[in-house]
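Throughout, numbering of the chain's residues begins at 1 and tracks the sequence. Small disclaimer: the values here were computed from a predicted structure and weren't measured.
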Amino acid sequence: MRIEAVARLSANELVELARTRAYLTSYRKVPAAPKLANALQGELEVRHLSLQQATSLLHASLQLVPDAARRDWQGSKMLQDLAEETVKGQDAAAAAALLQSHALIYGNKEASKSPLPVQSLCLRLAPLAFRGESMPDVPLKALETLEVTLPQSLQQVAVHHVQQSIKAAGPGFGQALAMLWQQGVVMEPLFRRIAAHLVPLIFWWRHSVQMEKAEASLSSSMRSLMFTQIVENRAVWDVGLVQEVQKKIDQEFAQGLQAEELERMLRMMLFLANLRVVRPPMWRSFMSSLMNSMRHMPKLKVQLSGLPSLILLLDLTRRTPFPALVPKDLLHEVAVCAGPAISSATPEELAKLLAGFQRTSPAIFEEVLLRHHHPLLRARLVEEPMILCALAEGGNSSHQRPRWWRGEVLRPWARQLRRLVAVLRGGWSQARAPYEEQLRQWQVGDLGHFWQHLVLEAIGVAKASPAFARKGARAVLRHRRRTDASSAWAVRALGFVTWNLEQDGRKMEGSKLVFTATRGMNAEAQAHQLLSVDLGFLDRLYRRHGDVERVALLEMLDLLGERSATGSVELFVDRPICLSCLGVLAQFHRQRPELEVRVASFGSAFFPRPPSKQRSSGVLRDEALHTSLKEG
C-alpha cells in the first residue's frame, strides 16, 4: 500500500492495517517500516480516535520502528498524554496497550526511565485481568511485562477470582497463577483447591463425571498449567501444584484398584502421559497400587492379562519417560498369562501385543513369550509384514532363538525386505500415489536397528564409521542430559550431521545437531526434492515431513544448489530410521550419486550396549519440583 493511501482509511482500517503489518514484522516476514509508522502517527495526531483505537494504533505502529529508534520516535512522546487519559478514564484495555508499548521501548531493566505512570496503569489493568470466569490473555501478558507489586487488597481480589474460575480453567488460567506466584501470594490453599478439582476428573468413574467431560477439562487445565513458565523456566504445574495433586492421588490409590476399573485407570494414565504431566511420584503410586492389588485380587491379574488391558499396559509402559520405574515382575507375570490373549487376538492386535513386549522389554519377550507360548505363536504366525516385523525386530538378540525361528520368521521376513528394497530403489518419479501406498502397505513405522542397515546398504547408503557414531552419540546424549525426561522434547527425534564437501574448488565443512521440525515445516515444502510419506504402526499415521533425516538432507541440497559437488555427508539419528526416511535417503542418493552418504544410529551395529531409554530420552529427575516442560 502507498503511504498516501493511509489518509483515506477509516479509523478501524488504520488499526487493522497497523496490527497486520506489525504481526508480519514481528515474525520477520517483512522488514520494519518506519515511514509507514510515521504516517500512522501523523493520522493519530489529526484524527479524533477513541482511547482504545489510539492506544492500539500507537502500539502497533511502534512495532514498525526499528528497536534502536523507538525511544526517540515522535510517536513515543504521545504515550504520556494517552496514559493520563487512560488513568482518568479507568480504561483497562487502553492500559494494556500502553504497558505493552512501554515494554517495547524500555523493557524491565530501564522501567525507571519511563515517563509513564506505570503503577497507576497496572492498578487499572489488574482488575480486568482477574475478572470473570476466564482469564483474558492480553491483560495478563501486559502485566507480566513489568515488575510491579500489586496492593494486598487487590491480590486478595485476584485470588478470589482465580478460585471462582478454577472449573472454567481458560487459556489464561496458568498465567493468572504465575502472576500470583510472582506477586508473593501464599499459593498452598489455592493449589489445594485446584487439586481438589483435578483429581476427581482423573478418577472420573468414582466421582460420577462423564469421561468426555473429564478429559476435555483435564486437557484444557493441564495445557494451561504446563505451558506457563515462571522462575527458572519451570511450569506452574511443577512449583507446588503437582505435590498437592499427588497427595490426593495417593488417597485415591489407597482404596486399591478393582478389576472392573483397571482398564479405565490404564486409559487415564495413558491420557496423562500423552499430556506430559506424569511425574515420578505419580508413576510410583500407580505402579505400587497396581502391584498390591494384583497380589490380593487374582481377578485383577486375570483382567490385566486380558487383551485390551494388556495392550494398554504395554503402550503405557512404552510411552513412559520413566522406564526404570516399571516393575519387571509386573511385565513377567502378565507375559506368563498372555496365552489366551495370543489365541484370541486379531492379526492387528497380535502385532500390537508382540511389538509392545519387544519394545518395552526384549528380555521378557524372548525369555517368556517365545518359550512359554511358542506353540501358540507358531499357530498364529502368518506371512503378514506387521506380525513378522513385530517378531523379527529383535533379530540381533544374543538370546537363543527357537529352532523354528529361521524358517518361519526370518525367511518370510527376508522376502518382505527384498520387496521393500525394490520399492525404495524404484522411487516415485511421477507416480506419487502408488509409491505412498506401497510404503504404507507394510503397516510398520520402522524396521528396527538391526535390519535397517541391511536395507540401507542395499539402496546404496553406507554404514558410518565407528568414530563418527561415537561422536554423534556424544553430541546427542550431551543435549539429552539437559532435557527433562518429562518434557515434550524428550520423545522427539534428535540427530547429528557432519559434511565435508567440495564444490568448484571451494571446501565446505561443518557439523550440527538436527531437530525434528514437523511443526515448523509445510508438509508439501520441497516435496519435489525429497518426498516423505506419512506412515506408522498399523493404522496410526505420523507426519514424516519434518523428520531429522529429511531436515538434514534438505539442508545439504540447499547448501549445494544445482551444481555438482564431491565429498561425504554423515548422519547420526537416535532411533530407528522410518520407512519414509529410508525412501528419502534413497532419493538423495539418486539425486547426488557423487556424494557418499553414511548413516549411524543407536544399535548393535555400532554399540554393543545401547544407552538406556533414560539416557537417550532425557534426564529423570526424581523430585517433581524440578521438572518442567521448557527445558530442551
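Under a 3.5 Å cut-off, the side chain of Arg380 and the backbone N or O of Ala345 do form a donor-acceptor pair. Side-chain atoms of Thr360 do not come within 3.5 Å of backbone N or O of Phe357 as any donor-acceptor pair. In terms of modelled atom types and a separation under 3.5 Å, the side chain of Trp237 and the main chain of Val277 share a donor-acceptor contact. Of the possible donor and acceptor atoms, one in the side chain of Ser580 sits under 3.5 Å from a partner among the backbone N and O of Val533. Judged by distance alone, the side chain of Ser220 and the main-chain N or O of Ala216 form no donor-acceptor pair under 3.5 Å. Using modelled atom types, no side-chain atom of His589 and backbone atom of Val597 make a donor-acceptor pair closer than 3.5 Å. Side-chain atoms of Gln503 come within 3.5 Å of backbone atoms of Arg563 as a donor-acceptor pair (strictly under, hydrogens ignored). A donor-acceptor pair is defined here as one N or O able to donate and one able to accept, closer than 3.5 Å; such a pair exists between the side chain of Asp534 and the backbone of Arg544. A donor-acceptor pair under 3.5 Å is formed between the side chain of Arg425 and the backbone N or O of Ala458.
In this structure, Arg419 forms a cation-pi arrangement with Trp442, its terminal cationic atom sitting closer than 6.0 Å to the ring centre and no more than 45° off the ring axis.
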Show your working on side chain to side chain contact (heavy atoms under 4.5 Å, CB included) between Leu377 and Leu354 and close with a plain yes or no. CA-CA 10 Å; Leu377 288 174; Leu354 295 173; 3.8 Å; yes
Step by step, work out the side chain to side chain contact (heavy atoms under 4.5 Å, CB included) result for Leu553 and Leu585. CA-CA 8 Å; Leu553 294 179; Leu585 286 161; 3.6 Å; yes
Could you walk me through whether Glu596 and Arg598 satisfy the salt bridge (Lys or Arg N to Asp or Glu O under 4.0 Å) test, starting with their C-alpha distance in whole Å, then the side-chain angles of each, then the deciding distance to 0.1 Å, before giving a yes or no? CA-CA 6 Å; Glu596 185 178 5; Arg598 298 189 288 267; 2.8 Å; yes
Could you walk me through whether Glu555 and Lys512 pass salt bridge (Lys or Arg N to Asp or Glu O under 4.0 Å), step by step? CA-CA 11 Å; Glu555 289 186 12; Lys512 61 181 292 188; 3.1 Å; yes
Apply salt bridge (Lys or Arg N to Asp or Glu O under 4.0 Å) to residues Lys352 and Asp315 and explain how you reach the verdict. CA-CA 9 Å; Lys352 285 183 180 180; Asp315 197 13; over 6 Å; no
Chi angles and distances behind the side chain to side chain contact (heavy atoms under 4.5 Å, CB included) call for Leu454, Leu447: CA-CA 10 Å; Leu454 298 178; Leu447 305 176; over 6 Å; no
Run Asp558 and Gln526 through side chain to side chain contact (heavy atoms under 4.5 Å, CB included) and show every step you take. CA-CA 10 Å; Asp558 291 341; Gln526 298 174 287; 3.1 Å; yes
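Between Ala527 and Trp428, the shortest heavy-atom distance links the atoms O-CZ2, 3.7 Å. Nearest approach of Met226 to Arg276, heavy atoms of both residues: CE-O, 3.1 Å. A pairwise comparison of heavy atoms in Ser465 and Phe606 identifies O-CE2, 4.5 Å as the closest pair. For His545 against Thr518, the heavy-atom pair with the smallest separation is NE2-O, 3.0 Å. What you find for Ala600 and His453 is that their closest heavy atoms are CA-CE1, 4.3 Å. Nearest heavy atoms, Thr317 versus Leu314: OG1-O, 3.0 Å.
The structure places CD of Gln443 at 12.0 Å from CG of Leu579, a figure rounded to the nearest 0.5 Å. Rounded to the nearest 0.5 Å, atoms CG (Leu424) and CD (Gln587) are 9.0 Å apart. Residue Trp499 holds its CH2 atom at 11.5 Å from CG of Leu571, rounded to the nearest 0.5 Å. Here CD of Gln416 is found 12.5 Å from CH2 of Trp451. Values are rounded to the nearest 0.5 Å. Taking CZ of Arg418 as the start and CG of Leu420 as the end, the distance is 12.0 Å to the nearest 0.5 Å. Of the inter-residue distances, the one linking Lys507 atom NZ with Leu501 atom CG reads 11.5 Å to the nearest 0.5 angstrom.
Heavy-atom neighbours of Glu502 CD from other residues, nucleotides or ligands within 6.0 Å: above the threshold of 12. For Arg223, the CZ atom is loosely surrounded, since the number of other residues' heavy atoms within 6.0 Å does not exceed 12. By the 6.0 Å contact criterion, CZ on Arg590 is enclosed, its count of non-hydrogen atoms from other residues, nucleotides or ligands being greater than 12.
Among Val514, Leu494, Val573, the single residue meeting the side chain to side chain contact (heavy atoms under 4.5 Å, CB included) criterion with Val476 is Leu494.
Counting only heavy atoms from C-beta outward, the side chains of Cys578 and Asp547 approach each other to under 4.5 Å. For the pair Leu560/Arg592, a side-chain contact is recorded, criterion being any heavy-atom separation below 4.5 Å from C-beta on. Under the 4.5 Å side-chain criterion, counting only non-hydrogen atoms from C-beta, Leu312 is not in contact with Met269. No side-chain heavy atom of Val599 sits under 4.5 Å from any side-chain heavy atom of Glu549. Between Arg474 and Phe572 the shortest side-chain heavy-atom distance does not fall below 4.5 Å. Within the 4.5 Å cutoff, the side chain of Trp413 has heavy atoms near those of the Leu417 side chain. Proximity of Glu457 to Lys463: side-chain heavy atoms (C-beta onward) are nowhere separated by under 4.5 Å. When side chains are defined from C-beta on, Ile577 counts as touching Leu456, because their heavy atoms get closer than 4.5 Å.
The closest side-chain donor-acceptor pair between Gln452 and Ser601 falls under 3.5 angstrom.
The aromatic ring centres of Phe607 and Phe602 sit less than 6.0 Å apart. The aromatic ring centroids of His479 and Phe515 lie less than 6.0 Å from each other.
The existence of a salt bridge linking Asp574 and Arg480 is confirmed by a sub-4.0 Å separation between a basic side-chain nitrogen and an acidic carboxylate oxygen.
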